[in-house]
Structures are given as structure tokens and as C-alpha cells.
Amino acid sequence: MARRSAVTWNALIKGYAQAGRRDEALALFRCMRRQDGVAPDKYTFPALLSGIGRNRSGGCVQELGAAVHAQVVKSGLDKDPFVGASLLSMYAATGALEDVKAVFDDMDTLDPVVWSSMISAYVNCKEEEAALLTFYKMLCQDITPRQFVYSSLFAICGSMSMLEMGRQVHAHSLKNITDNDAAMTNALLTMYSDCGCIDDAWRVFDSNDIVDVISYNSMILALGQHAHPKEAVELFKRMKFSGLIPDEVTLLNLLSAFNHAGLVHEGLHLFNSMLDIEGIKPTYQHYACVIDMLARSGEIEESMKTIKEMPFEAETPLWRIVLGACSKHGDIETGMKIAEMLFEKEPYEPTNYILLGNIYARLGRWTETENIRSLMEKSGIDGDDAFSWIEMGQRTHRFGVDDRAHPISEEIYRNLDRLMGSIKAAGYVPDTSFATHSTGKNRREESLRYHCEKLAFAFGDLASPSGDTLRIMKNLRVCGDCHSAYKYFSLVTGRKIVLRDNHRFHHFYKGACSCRDYW
DNA sequence: TTAGGGTTAG
């Protein structure tokens, strides 16, 4: 071009930035600054900054972002709402929350997008409560939220399982949003699923007139997590029939639906035909899912073979999955080998010790279990404490193991003792192989009695009308004994119980669980 | 004819 104006440069920078080619966008920015008569303007920086947020690989991203920020200040554009919003999200993408706040506090704008950026910045940085507070502040400024804001809020409510809050935000959105938006609706669907309400998730999906690939992916994932593999397959067929093309995530979610249900044959069939039928090359995650599926179903040898044959190097989380399966199936030999390798690679990862300890505990080899425990203690390695929580009215009630901190703790323990009596009469037998203490049988039984998920149930049963569904969350995987107790709880109380652990959902009803005891 | 914020996986 004979003459390049600022518009020319801006358009070109934006093109590279959006394509994820950050360094070329930056190089163009430098060229632009060298041309006489042309200066970066309020269009230049949003394009450039979004490119930095998008591509964080290589180079010192923190310094890079700060350098561009300096250019913004030099250009006198730091009060511009467009530039400000993109600065916010750039810093949020690099995890620099303090810088995010500084930029926000420095802006004297009531621009809705700046608020929206601030809320999602908090979400990105895992500051969910701060995000909610920012939402309230925004409402106080009489700013009407748009779809973007609701998407972020739904994601928060889902990840924290705040069903009541989620319903309120949903109602709020119905008042303020008239036109449907795919991303917001997809976030809503996932919120209901994450809160344990698969029926509500279905309702959102079915009433959504803008359905895209992500809608299908989200719904297929939800169905898998809630143990409805057949419906996931049906939806997959419907998706293809509607003309939408499945992507990597679609197939990963479908595989994981098979995995959750223990449908190894179906899972393998899908995995082996991915490339030929769907035209999608398996990624590391597809392999990881299949290896998990094989190992969990007891095909440990086959899973080890797949690890060796796959075109990727197995990372430690995948080895941990197989180690967990060895514990479940009592394959001590393979388990030991994997554990040794993991100890070498990650001497301070508590899960590795706990899993090996579980292998010994399940085999009743309490001396070895105790050895591992004291080794952890000596080395100052500590696993995550287990806790469970339940929403009741406007409050969340949280319980640890043997926790007596709740204001009505005594009543809760009394109710739990009563419940334990009823379920024992109904046939429940404590499964002490899940106890990790090397003491006598009675002590082991006692150590299981006040697990956090049992306390949370005893509280929920006490605090809600009989017949109400109870939704309980746990930060770790549900323990086998509690799983068994929950089945009996649903039987003797007549309640439906939805338990979300860190892996999936369990729906208990009339003495059975939707996972059919496979998890 | 150039600009900012959101959604799904492990």
C-alpha cells in the first residue's frame, strides 16, 4: 500500500491477534509506532491486548502485558472504557488479580462491559464471592446486566453448587434478557446440571431455540455425569441428524459417558472408530479417558498396554488414575510399580501415598498402611481434608469428618445415630475395608460412622421436610461405605438423594444408586 | 470498511 493509515494497521493487528499469532501482532504494533504521522489509538490496544490474553505461551507474558499497559498510559488512553475492558481481561488471563483491581479502581466509568469484564476476571481468578459482590455493586449503579454477565454468574453458581442462588440469577435474567443467546443458555444448562438437577438441564436444552455444538456437548456431558449413557448416545445421533458436526469435545464427553457407566465395549468401539467414522484424531484426553475406562473396569493389563502404545507420553495424573484402579481391584504388584515411579517424580504429592495406603488397607495389611501414614507424617505431607456441604435456605452448611462445630451439632449426631440404627435393621453392614485405621474392627467401624457425607445427610434430614430431595456435595470421591449407607438412607427415609462428588453425580432412590455401584 | 466482556472437557 502506498499509504498506511492507523485504520490499516489496526485491522492487520486485529487479524493476527484473533488468529492467536500474538508475536506477529506485537511486531506490527512496533512497526506502526515507527511510522511518522501514525499513532496507536483506542482501536489499536483492544486488538493487541486481546491477542496477549489469547496466547499466553512463550515469552514473559507478565512483562509483555505490563509493557503494553505502559504504552496505553503514554497514549493517554487509560480511561477509555474499551481499552480498560481489554486491559482487565488481559491481566485476568495472566492471573494478575492485583493489576486487574488496580485498573478497575482507576476507571471512572459506568460502562457495562467494564463491569462485565471485572466479574469474569474474578471468575477466572477463582474469586467467586468477589464476583458475586461485584454483581451486586453493579446492580446498585443501576446498570442492567447483559448476557455476558449472566453467563459468568451461572458458571459460578454451578461450580459452587449454589442451586438457590442459581435459580434467583436465572429469574433475574428472565426479567432482563429478552433475546436468547446460545452461550448464556449453555451456561444455564451446565449450572443446573452442576447443581444436580438434570431435569432442569434438559428443560433448558429443549426450550433453547439456538442450539449449537456447545449446547450438545454440554448436554451430553451432563447426561454422562448423571449416569444416562443411553440418552447421551441418542442425543449424539440427534446432533448429527440436525446437521451439526461433532468435535473433539463431543467425542470426549460421549466416551466419558461410557466410562461413567462402565460400558467398556461401547467405549472401545467408539474410540477405535473415531478417526474413520467421525474424522477426529484421538487426542491425549481421549486416550486418557479410555485408559481410565479400562483400568477402572479391571482391565489393568490392557490399560498399561494402551499407555505404552499411545503416541503421547503419559503424565502423572494418568498414572494416578491407574494406581487408583489397582487399589480398587487389589492389583498390588502393578500398583507398587506405579507408586514407586510416582514417588520418584512427585515425592510431595499426597495422593500417591494415600492411594498406595488404600491398596494395603483394602487387603487388610494394616502394618504397611500404618507405615505409609507415618512416612507421610514424618515428611510433612498432608492430603486434602474431606468435607461435605449442603445448601439449606439461604445458607451453606459445611461438615468435616467428626465435625462438631455446627450450632446444632448434638441434634445432628443424635439423628445420625438414629439413622444408623434404622439402616442396620434394614440390612446395612459397615464396610470397614474403607477405614484406613489399623485399629481393631470396632474402632474401624466407628471411624466410618461420622464421615462428613453422613453428617451432611443427617443434618439435611433433620432440617428439611420429609420427602424433600437432598442435594449434598463432597470435595473428594465418595467413600464406598458412605455410598452403601446412602442407599439405605434413601430406603428408610423415602428421600431422593443427589450426591455430587469430585467426579460425578450419584442419584440415590429406594435403596439403589444411579451409578449401579460402579464409579 | 479498524475496538472491549461470556458458554462446554479432564
Side-chain angles (χ1 to χ4, degrees), chain A residues 4-15 17-18 32 40-51 53 77 80-90 92-93 103-104 107 109 111-124 131 138 145-156 158-159 173 177 181-191 193-194 201 204-205 208 210 212-222 224-225 246-257 259 283-292 315 317-318 320-321 502-504:
Chain A
R4 298 173 185 143
S5 68
V7 176
T8 317
W9 288 105
N10 292 346
L12 198 56
I13 289 172
K14 180 195 162 206
Q18 285 189 343
M32 176 186 190
D41 60 19
K42 59 186 178 177
Y43 294 88
T44 317
F45 289 108
L48 192 59
L49 287 162
S50 76
L77 290 166
D80 182 89
F82 281 79
V83 177
S86 42
L87 263 177
L88 281 183
S89 37
M90 182 277 292
V103 172
F104 182 76
M107 300 194 56
T109 174
D111 185 295
V113 179
V114 172
W115 284 93
S116 172
S117 309
M118 192 60 219
I119 291 170
S120 63
Y122 277 127
V123 178
N124 275 335
M138 179 183 143
R146 300 194 223 165
Q147 282 114 332
F148 283 90
V149 174
Y150 289 113
S151 302
S152 299
L153 290 176
F154 291 145
I156 295 171
S159 71
S173 75
I177 305 289
D181 173 289
M184 190 187 85
T185 316
N186 294 338
L188 180 63
L189 184 169
T190 301
M191 185 273 285
S193 171
D194 283 348
V204 173
F205 183 87
N208 187 8
I210 312 166
D212 60 8
V213 172
I214 295 182
S215 313
Y216 276 98
N217 289 357
S218 308
M219 196 63 219
I220 289 172
L221 175 73
Q225 289 174 326
D247 64 8
E248 291 174 4
V249 178
T250 319
L251 291 189
L252 183 61
N253 293 356
L254 197 55
L255 269 179
S256 108
N259 186 12
T283 66
Y284 179 81
Q285 288 162 337
H286 295 100
Y287 273 98
C289 189
V290 165
I291 288 159
D292 180 9
E315 291 165 26
L318 184 53
R320 245 193 303 286
I321 286 173
N502 66 352
H503 196 59
R504 61 175 297 160

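Every chain is numbered from 1 and lettered A, B, ... according to where its sequence line falls, protein lines coming before strand lines.
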Can you tell me how far C1' of B:dT2 sits from CD of A:Q18, to the nearest Å? 11 Å
Need one value for A:K42: base, sugar-phosphate or nothing, where a base atom within 4.0 Å counts as base even if backbone is also close, heavy atoms only. base
Kindly say whether A:L255 contributes a backbone atom to a donor-acceptor pair with the side chain of A:N259 at under 3.5 angstrom? no
Calculate the interatomic distance between A:L12 atom CG and B:dA3 atom P; express it in whole Å. 13 Å
Among residues at least two apart in sequence or on other chains, which ones pass side-chain contact (heavy atoms from CB on, under 4.5 Å) with A:Q147? A:I177, A:D179, A:D181, A:M184
Sugar-phosphate only, base, or nothing, as touched by A:D111 at under 4.0 Å among non-hydrogen atoms: base
How would you label the contact of A:P81 with the nucleic acid (heavy atoms, under 4.0 Å): base, sugar-phosphate, or nothing? base
Under the side-chain contact (heavy atoms from CB on, under 4.5 Å) test, residues paired with A:T44 that sit two or more places apart: A:N10, A:I13, A:F29, A:M32, A:P40, A:D41
Applying side-chain contact (heavy atoms from CB on, under 4.5 Å), can you list everything that pairs with A:A257, at least two apart in sequence or on another chain? A:A232
Could you run down nucleotides 5-10 of chain B 5' to 3' and tag each one B, S or - for protein heavy-atom contact under 4.0 Å? BBBBBB
Residue list, side-chain contact (heavy atoms from CB on, under 4.5 Å) with A:F82, at least two apart or on another chain: A:P46, A:D80
Residues in ring pair (Phe, Tyr, Trp, His ring centres under 6.0 Å) contact with A:W9, at least two apart in sequence or another chain: none
